[in-house]
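Here the structure comes first, spelled out in structure tokens, and everything after it is commentary.
Just so it is clear, the structure is predicted and the values come from calculations on it, not from any experiment.
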Amino acid sequence: MKVAILGANGKAGSAILKEAKKRGLDVTAVVRDAAKITDGTPVIEKDVYALKTEDISGFDVLVSALGFWGDVSEFTGSTQHLIDILTNQKTRLYVVGGAGSLFVNPEHTVRLSETPDFPEAFKPLATAMGKGLDLLEAANNVNWTYISPAAEFDAQGPATGEYVIAGEELETDKEGKSYISYADYAVAMVDDIEKNAHPNQRFSVHQ
């Protein structure tokens, strides 16, 4: 299986890259600076907006692990561009999502980012990532899967290889925690890439 990873030098992207290579998948990194990929992985050196359909049509899966911490509106702009170049293509798009767009009530009317305790500093980011999900849900003829992590998404956490698949509602463990490490999130994503178990769906993972 041929997999391209956008943002492969970021925290989430590098974890997914490592997991995919460990399983013997044919992985290519898509990054703006090829010098940042030092493990011998093949590279496409392009900004997301410079990507064209022909760049990715040979891949089974394109993973978007892009992070925009300056102008958060890039989450919607980049998602729309990926939708445009993947429409009517066989390539499946996997998006590293956010937890802020998960619902906290059974009626699915209130998102985590809309709750009083949600940190104000993260609201613009969570809202923008949620809008990216909205674009995917409204898209036609695009094969996509959006995976939201737990509320606490830990870059330094251990790789246990264990995780729980949840739906669109925020779930917690018996201690009331919503947690997953980047390493275990990567395991969950690559598992789903191999199984294609959630086509055109958003789901979440936690421990």
Side-chain angles (χ1 to χ4, degrees), residues 1 3-8 10-25 27 60-67 75 79 82 86 91-115 118 126 129-139 142-207:
M1 186 181 294
V3 179
I5 302 176
L6 261 166
K11 288 178 182 175
S14 57
I16 296 162
L17 175 76
K18 182 179 175 184
E19 182 63 29
K21 289 185 77 168
K22 190 168 87 176
R23 302 203 200 179
L25 301 185
V27 186
D60 300 295
V61 171
L62 175 63
V63 175
S64 177
L66 296 170
F75 277 107
T79 303
L82 293 175
L86 288 168
T91 306
R92 294 183 280 134
L93 174 65
Y94 273 76
V95 177
V96 176
S101 59
L102 290 169
F103 296 103
V104 294
N105 63 339
E107 299 79 22
H108 289 191
T109 54
V110 181
R111 298 180 187 272
L112 178 63
S113 61
E114 297 165 341
T115 58
F118 194 82
M129 293 183 86
K131 285 180 179 174
L133 173 60
D134 292 341
L135 288 172
L136 289 167
E137 290 179 333
V142 177
N143 300 306
W144 62 272
T145 300
Y146 184 106
I147 308 180
S148 287
E152 186 181 348
F153 197 19
D154 185 4
Q156 310 302 325
T160 68
E162 296 180 5
Y163 61 88
V164 176
I165 291 177
E168 294 210 87
E169 291 173 33
L170 181 74
E171 288 190 4
T172 57
D173 63 17
K174 55 184 180 291
E175 293 165 5
K177 281 186 179 175
S178 171
Y179 172 91
I180 196 160
S181 66
Y182 277 59
D184 284 335
Y185 176 94
V187 171
M189 175 170 277
V190 179
D191 279 351
D192 203 85
I193 285 171
E194 291 184 328
K195 296 172 187 169
N196 192 18
H198 296 86
N200 292 34
Q201 294 176 52
R202 187 267 290 267
F203 70 100
S204 58
V205 290
H206 65 92
Q207 274 165 323

Who passes salt bridge (Lys or Arg N to Asp or Glu O under 4.0 Å) against K21, sequence neighbours left out?
D39
Can you list the residues that meet the salt bridge (Lys or Arg N to Asp or Glu O under 4.0 Å) rule with K131, with sequence neighbours excluded?
none
Are [X] and [Y] side-chain neighbours, meaning at least one heavy-atom pair lies under 4.5 Å?
X: V95; Y: L136; answer: yes
X: L86; Y: W144; answer: no
X: L170; Y: F103; answer: no
X: L82; Y: L6; answer: yes
X: V63; Y: I193; answer: yes
X: L25; Y: E194; answer: yes

Taking only residues two or more places apart in sequence or in another chain, which ones pass side chain to side chain contact (heavy atoms under 4.5 Å, CB included) with [X]?
X: D60; result: M1, K2, K90
X: E152; result: Y179
X: Q156; result: D154
X: A8; result: I5, A29, V31, I37

Of all heavy-atom pairs between [X] and [Y], which one has the smallest distance, and what is that distance?
X: A99; Y: A150; answer: CB-O, 3.6 Å
X: V205; Y: A188; answer: CG1-CB, 3.8 Å
X: E19; Y: A186; answer: CG-O, 3.9 Å
X: V190; Y: I16; answer: CG2-O, 4.2 Å

Got a sec, which residues hit side chain to side chain donor-acceptor pair (under 3.5 Å) with [X], two or more places apart in sequence or on another chain?
X: N105; value: E107, T109
X: N143; value: none
X: E169; value: H108
X: R202; value: S101, S148, E168

Keeping to residues at least two apart or across chains, list the salt bridge (charged side-chain N to carboxylate O under 4.0 Å, His left out) pairs with something in residues 178-191.
R23-D191
Separation of T145 OG1 from N200 CG (nearest 0.5 Å)
7.0 Å
Hey, is the main chain of G167 close enough, under 3.5 Å, to the side chain of S204 for a donor-acceptor pair?
yes
Tell me, which pairs form a ring pair (Phe, Tyr, Trp, His ring centres under 6.0 Å) where one or both residues lie in residues 150-173, sequence neighbours left out?
F153-Y182, F153-Y185
